[in-house]
Amino acid sequence: MANIKIKPWISSLPDYIPGGTIEDIKERYNLKEVHKLSSNENIYGPSPKIIEYFKNGFKDMKYYPDSYCRKLRKKLSEKLGVNEDSIIFGNGTDQIIEMVCDAILCRDSNVIVPNPTFLTYEKSALKNDAEVIKIPLNDFRQDIEAIVKCVNKNTAVIFLTSPHNPTGTIITKEEIEYALKNIRNDILIVLDEAYIEFVPAEYKFDSLKYLKQYDNLLVMRTFSKVYGIAGLRIGYGLGDSEVISDITKLMQPFVVNSVAQIAAMLSLEDDESIGRNVKTIINEKEKLSKRLIQENIQFVKSYSNFILIKTGSKSIKIIEELLKRGFMVRGGEFLGFPEYIRVSISLPEINKMFTELFINLYKEYNS
Ligand code: PMP
């Protein structure tokens, strides 16, 4: 045992239990093909424009990246109709969540999160010794009224997610307006929209419109999901320019690498292929949902690119059997739903194989 004195609170942080890699599973079960449906990635992958751009490699590696992401910033500000200085980029939105917490929270403050929710919120708050107040979901949805009710004088940040991970449920326009109107303006409301592009237009509200009215709102989005470049690590936040400028002071200068900046820019230029993928994913999700209904298997209606499906008390066994046959899904015990699995929607032929295999296993272990 080393004698190094690690800060005591670190040992009380929850562990992040990473999902296995495709290579691990191939090796463990001697498989030729493995389908990773466990991390909500976009299996359709990035815009072909990115592949084309990097076809001949990337010669500018010797230079540091542009620490202000100037070209990308300009493009994104034009596309979204927001000022350039109201954008912060990070090494994934994970890093923006961490910076927000580092900038605002301390021992005397608290953060309110729905429970369960995306684990990085809690971890980043605990790192700053802040209290984490967890408000249970109500019928798989974030309970906005209960969240507003439990605000107290020490509340500094509230994390909301739409669509929510791991349930895929959304916050409505009425609910977000209720939160914005009824939460003090010295509390930062973070609206994490990592999966917003998968929400059909009729269920979506324009969150950016509220930024003009509420300087305590921060909207977060990512290039990891719809744009299919999770491996490059780039996400962004949109908020009041003074808040953004202060949070940015915490940032290491070169966290967003050059390849990620170029790939993000090219992604923003390819609405056509990205829109096509979104349509297919929504369609595939509907197909899977219909099959589950036919077989009387419960699931949560999802507005995202993944779906939370009830597996029952033999969940761990079902997950193991899926793995043996080359399908990686996220076990609900890591997500606060022990009797469920979370499954990313994949390509049509893979979804089809998964659906029939899962239904058979479900029947076998729940009969
Ligand atoms: N927010 C939510 C709700 C997520 O599910 C994820 C990734 N799983 C993230 C943020 C982080 O995304 P990234 O760091 O890849 O931008």
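Counting starts at 1 for both ligands and their atoms, following the listed order.
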For residues 108-119, which side-chain N or O atoms pair as donor and acceptor with protein atoms under 3.5 Å away, sequence neighbours left out?
unit_1: S109; atom_1: OG; unit_2: C106; atom_2: N; d: 2.8
unit_1: S109; atom_1: OG; unit_2: C106; atom_2: O; d: 2.8
unit_1: N110; atom_1: OD1; unit_2: T155; atom_2: OG1; d: 2.9
unit_1: N110; atom_1: ND2; unit_2: N152; atom_2: OD1; d: 2.8

Distance-only check: which donor-acceptor pairs under 3.5 Å involve side-chain atoms of residues 226-239, not counting sequence neighbours?
unit_1: R233; atom_1: NH1; unit_2: S224; atom_2: OG; d: 3.4
unit_1: R233; atom_1: NH1; unit_2: A230; atom_2: O; d: 3.4
unit_1: R233; atom_1: NH2; unit_2: D94; atom_2: OD2; d: 3.4

Before accepting this row, confirm whether a basic side-chain N of the pair K324/E321 lies closer than 4.0 Å to the acidic partner's carboxylate O.
yes
Within 6.0 angstrom of K204 NZ, more than 12 heavy atoms from elsewhere
yes
Which pairs of N or O atoms, one from ligand 1 and one from the protein, are separated by less than 3.5 Å, and what is the distance for each pair?
unit_1: ligand 1; atom_1: 1 (N); unit_2: D192; atom_2: OD1; d: 3.4
unit_1: ligand 1; atom_1: 1 (N); unit_2: D192; atom_2: OD2; d: 2.5
unit_1: ligand 1; atom_1: 5 (O); unit_2: N165; atom_2: ND2; d: 2.7
unit_1: ligand 1; atom_1: 5 (O); unit_2: Y195; atom_2: OH; d: 2.6
unit_1: ligand 1; atom_1: 8 (N); unit_2: K225; atom_2: NZ; d: 3.2
unit_1: ligand 1; atom_1: 12 (O); unit_2: T93; atom_2: OG1; d: 3.1
unit_1: ligand 1; atom_1: 14 (O); unit_2: T93; atom_2: N; d: 3.1
unit_1: ligand 1; atom_1: 14 (O); unit_2: D94; atom_2: N; d: 3.0
unit_1: ligand 1; atom_1: 14 (O); unit_2: D94; atom_2: OD2; d: 3.4
unit_1: ligand 1; atom_1: 14 (O); unit_2: R233; atom_2: NH2; d: 2.7
unit_1: ligand 1; atom_1: 15 (O); unit_2: S224; atom_2: OG; d: 2.6
unit_1: ligand 1; atom_1: 15 (O); unit_2: R233; atom_2: NH1; d: 2.8
unit_1: ligand 1; atom_1: 15 (O); unit_2: R233; atom_2: NH2; d: 3.4
unit_1: ligand 1; atom_1: 16 (O); unit_2: T93; atom_2: N; d: 2.7
unit_1: ligand 1; atom_1: 16 (O); unit_2: T93; atom_2: OG1; d: 2.8
unit_1: ligand 1; atom_1: 16 (O); unit_2: T222; atom_2: OG1; d: 2.6

Please answer: with hydrophobic residues joined when any side-chain heavy atoms are less than 4.5 Å apart, are I316 and I25 in the same cluster?
no
Among all residues two or more places apart in sequence or in another chain, which pass the salt bridge (Lys or Arg N to Asp or Glu O under 4.0 Å) test with K79?
D271
